[in-house]
Amino acid sequence: MGSHAIESTREQRYQCQIPYRRHDSTRYRHGTVNDHATGNDGQPDSTLPHSGEPDEQYTGSGLIVEKAKRLAKIDATRAAGTEPYPYRFDRSHTLAEIRDEHAALAPGTELSDRVDVAGRVMLLRDSGKLIFATLRDRGGDIQLFVSKAVIGDAGFGAVQNLDLGDWVGVSGTVMTTRKGELSVKVDNLQLLSKAIRPLPDKWHGLTDTDTRFRQRYADLIVNAEARRTFEIRHAIIASFRRTLHETGFIEVETPVLHVEAGGAHARPFVTHHNALDMQMFLRIALELHLKRLIVAGMERVFEIGRVFRNEGISTRHNPEFTMMELYQAFADHTEMIDITERLITAAALDSTGTSVVTIFGPQEHTETVDLALPWRRARMIDLVHDAIGQDVHPSQSVEHLRGVASAHGVSCAPRWGPGKIIEELFEATVEHTLIAPTFVTGHPVEISPLARTDRYDPFLTERFELFIGGREYANGYSELNDPVEQRVRFQDEQTAKDAGDDEATGVDEDYLRALEYGMPPTGGLGIGMDRVAMLIAGVHSIKEVILFPTLRHEVL
RNA sequence: GCCCCUCUAGCUCAAUGGUUAGAGCACCGGACUUUUAAUCCGUUGGUUCUGGGUUCGAGCCCCAGGGGGGGCACCA
């Protein structure tokens, strides 16, 4: 069924390529996104050939025509005996290496150092017998200085035929221009890959958010801000790994396909395994498998992995996102608080060189926060007390707490107990005020089915959540390791599930069996990596830190 | 699911309800051996997201639908 659907989509794409099919039905095979918008523009066929001289046989512009012109250049290149898509190119330097080695050359310098570099042509400046090009590789840009007298007539013609977006490999010497621009004086140029589709505006880049997210490849080519954001994201993840390895954690991989979607409150994606004829769920958390490994004796484990929640999409939510979870034997929640602070502060320093981040509040309001300053710790019930001037505690009656809640505009579902009502009060009255990093601790037992009861207060747990700028970033606790109590908590969840709470989890019998072998005292932590990336990169939307965010299916 | 905004050339953007929807970049042709978004000259390029409607006349107003964005709800 699936492959049939793909085939028919391809067929529809090809039918958008009428000008090409008519002249060359075998070579062109690239389905395109926006072609339907231009489609067959009704021009006579003679304007759209795909062979011979590109200059005379057709005129006009628009995407279809421009691609035809570039395809004609490919044919001409092949006809001249050159492969427009060669297999490899051996470069001697990256562009950053050339910049590092020749950081302070005086204007007008000509070195004899030979270099072979490769990249994409981003700009072209043709001044007759001299052409300047801006070449870009992953690490930066450098100017190509192409003189007709140096490269020869044939080579110069090939450079004149280049289009923005083409990949080239060049050989030459290092020089600076009269104005001091570091350049490669090209004596040989080889096309490495011909671009058929024109780049977005060379100055403005791409601004249309739809196109930026759907065609991230184009976004990254032309928008330096997008490249910077993802460099930061990946530096953050690398920083986390380094900190954790230095602290004695080992990285593991656990199943994405779960029989029981536990470890969080969320609606899962449901799927089916054919050979086993079994319903399965995409994981909503990493927690329960990692704690099985603590039972196994691995002591310190972490996983950075994708989790999936079948819920709404917003500036802070993507259906698939990246969690880091870690578990440490013999530790409790206080050590998890410490490592949370270390991980995030180090990640900011490692990825941006500063621990100062900008918080975007409502109505364009921004303020800065220095993550290097000590982070506040406060109990949830104390914060609510400070906000409403009234004591709240999960030992109080549901009726009393419902009254308090409604007095503060919080409406309660019938099945909510005291703990859930207190959490809702917290979210309504406190959460948005927590701008500087704050560890909120002591969550009620009712809303923390996997956390250990507070050693001094049986109604609370040894749990914390980290809030910065009113948003949640991390969640951790002293892990519940008593299999008898865990079964009771699971049964409460099952009761809620049976009562219609489709985010509640059921009883995970295998997890209980693992606990029965004995789990040492353990601290656990989960951090939402996408949100940390948003915080440190200073962007407003989670789509800015996910390379390919979830979008509605594009109708072609 | 609800509300608001938005959609014009490959890209970035214009266009009181009133000629044949314009400009820059890109593309094509021409000039130029030190440019830096090169510059200069000349071309070309449009299903104004789709479908209806109002009107003598719709890119613009109305209705329905679609994509995207923002907000609300949901979301440990």
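Chain naming here is simple, since letters A, B, ... match the order of the sequence lines and numbering starts at 1 in each.
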Exercise. Of the candidate nucleotides B/rC28, B/rG68, B/rU34, which contains the atom at the shortest distance from the side chain of A/F145?
Worked result: B/rU34
Exercise. So what does A/E311 touch, heavy atoms closer than 4.0 Å: a base, only the sugar-phosphate, or nothing?
Worked result: sugar-phosphate
Exercise. Can you check whether A/K73 has a side-chain N or O nearer than 4.0 Å to OP1 or OP2 of B/rC28?
Worked result: yes
Exercise. Would A/R212 and A/D208 satisfy salt bridge (Lys or Arg N to Asp or Glu O under 4.0 Å), going step by step from the backbone distance to the final call?
Worked result: CA-CA 6 Å; A/R212 285 190 52 232; A/D208 182 74; over 6 Å; no
Exercise. Base, sugar-phosphate, or nothing for A/D201, non-hydrogen atoms under 4.0 angstrom?
Worked result: base
Problem set entry | Shortest non-hydrogen separation from A/Y327 to A/E287 and the atoms involved | OH-CG, 3.1 Å
Problem set entry | B/rC72 - base-pair partner by Watson-Crick or wobble geometry, distances under 3.5 Å | B/rG1
For this session: Report which part of the nucleic acid A/K543 touches: base, sugar-phosphate, or nothing (heavy-atom distance under 4.0 Å, all strands).
Result: sugar-phosphate
Problem set entry | Integer-rounded Å distance: B/rA37 C1' and A/D126 CG | 16 Å
Exercise. Between A/S448 and A/G128, which has a closest nucleotide on RNA chain B that is more 5'?
Worked result: A/G128
Problem set entry | Counterpart base for B/rC61, defined by Watson-Crick or G-U wobble contacts under 3.5 Å | B/rG53
Exercise. How far, in whole Å, is B/rU12 from B/rA26 if one measures between their P atoms?
Worked result: 15 Å
Exercise. Under 4.0 angstrom, heavy atoms only, what part of the nucleic acid is A/D208 near: base, sugar-phosphate, or nothing?
Worked result: sugar-phosphate
Problem set entry | Along RNA chain B (nearest heavy atom to each residue), the more 5'-positioned of A/R178 and A/L123 | A/R178
Problem set entry | Plane angle bin for A/F490 and A/Y511 - parallel if under 30°, tilted between 30 and 60°, otherwise perpendicular | perpendicular
Exercise. In terms of side-chain heavy atoms of A/H204, which of B/rC27, B/rA37, B/rU12 is nearest?
Worked result: B/rU12
For this session: Name the nucleic acid region contacted by A/S314, choosing base, sugar-phosphate or nothing; use a 4.0 angstrom heavy-atom cut-off, strictly under.
Result: nothing
For this session: Can you figure out which of B/rU35, B/rU12, B/rU33 approaches the side chain of A/R125 most closely?
Result: B/rU35
Exercise. Is any side-chain N or O of A/S127 closer than 4.0 Å to OP1 or OP2 of B/rU39?
Worked result: no
Exercise. Between B/rA76, B/rA26, B/rG70, which one does the side chain of A/A264 approach most closely?
Worked result: B/rA76
For this session: Tell whether A/E181 reaches the base of B/rU35 with its side chain through a donor-acceptor pair below 3.5 angstrom.
Result: no
Exercise. If you measure from the P atom in B/rU35 to the same atom in B/rC11, how many Å do you get, rounded?
Worked result: 33 Å
Problem set entry | Nearest-Å distance once atom P is located in both B/rU6 and B/rC41 | 37 Å
Problem set entry | Pairwise C1' distance, B/rG17 and B/rU55 [rounded to whole Å] | 9 Å
For this session: Would you classify A/G205 as touching base, sugar-phosphate or nothing, given that sugar-phosphate means primed atoms plus P, OP1 and OP2, and contacts are heavy atoms under 4.0 Å?
Result: sugar-phosphate
For this session: Grab the CZ-P distance between A/R197 and B/rC27 for me, whole Å please.
Result: 16 Å
Exercise. Contact class for A/K202 vs. all strands (heavy atom < 4.0 Å): base, sugar-phosphate, or nothing?
Worked result: sugar-phosphate
For this session: May I ask you to say what A/R552 touches in the nucleic acid, namely base, sugar-phosphate or nothing, with a heavy-atom cut-off under 4.0 Å?
Result: sugar-phosphate
For this session: Compare all side-chain heavy atoms of A/T176 with those of A/E110 and state whether any distance is below 4.5 angstrom.
Result: no
Exercise. Does the salt bridge (Lys or Arg N to Asp or Glu O under 4.0 Å) test come out yes or no for A/E225 and A/R227, once each step is laid out?
Worked result: CA-CA 5 Å; A/E225 266 306 300; A/R227 291 196 296 277; over 6 Å; no
Exercise. Can you tell me how far P of B/rA76 sits from CD1 of A/I284, to the nearest Å?
Worked result: 9 Å
Exercise. How long is the line joining CG of A/D166 and P of B/rC27, in whole Å?
Worked result: 10 Å
For this session: Name the nucleic acid region contacted by A/E472, choosing base, sugar-phosphate or nothing; use a 4.0 angstrom heavy-atom cut-off, strictly under.
Result: sugar-phosphate
For this session: Hey, could you give me the CZ/OG distance between A/R489 and A/S448, rounded to the nearest 0.5 Å?
Result: 7.5 Å
Exercise. At under 4.0 Å between heavy atoms, what does A/L124 touch on the DNA or RNA strands: base, sugar-phosphate, or nothing?
Worked result: sugar-phosphate
Exercise. Among B/rA26, B/rC28, B/rC72, which is the nearest nucleotide to the side chain of A/R316?
Worked result: B/rC72
For this session: Report yes if the distance between the aromatic ring centroids of A/F132 and A/F145 is under 6.0 Å, otherwise no.
Result: yes
Exercise. Hey, does A/L206 reach any base, or is it just sugar-phosphate, or nothing, if we go heavy atoms under 4.0 Å?
Worked result: sugar-phosphate
For this session: Ignoring hydrogens and angles, answer whether the base of B/rU35 and the side-chain atoms of A/T177 contain a donor-acceptor pair closer than 3.5 Å.
Result: yes
Problem set entry | Value in whole Å for how far the P atom of B/rC75 lies from CZ of A/R531 | 13 Å
Exercise. In terms of ring plane angle, is the pair A/F439 and A/W375 parallel, tilted or perpendicular, where the classes change at 30° and 60°?
Worked result: tilted
For this session: Using the C1' atoms only, state how far B/rG71 lies from B/rA76, rounded to an integer number of Å.
Result: 23 Å
Problem set entry | Least distance between heavy atoms, A/R283 atom then A/G305 atom | NH2-CA, 3.7 Å
For this session: Return the value, rounded to whole Å, for the distance between atom CE of A/M122 and atom P of B/rU35.
Result: 22 Å
Problem set entry | Whole-Å P distance, B/rA14 and B/rC61 | 15 Å
Exercise. Looking for any heavy atom pair under 4.0 Å, which part of the strands does A/P449 touch: base, sugar-phosphate only, or nothing?
Worked result: base
For this session: Check every atom of B/rG67, B/rU36, B/rU33 against the side chain of A/Q143 and return the nucleotide holding the closest atom.
Result: B/rU36
For this session: Measure the distance from CG on A/L199 to P on B/rC25 and round it to the nearest whole Å.
Result: 16 Å
Problem set entry | Length of the line joining A/I313:CD1 and B/rG70:P, which is rounded to integer Å | 11 Å
Problem set entry | Sugar-phosphate only, base, or nothing, as touched by A/A149 at under 4.0 Å among non-hydrogen atoms | base
Problem set entry | Rounded C1' spacing from B/rG29 to B/rC56 in Å | 44 Å
For this session: Take atom C1' in B/rC25 and the same atom in B/rG66, then report the distance between them in whole Å.
Result: 30 Å
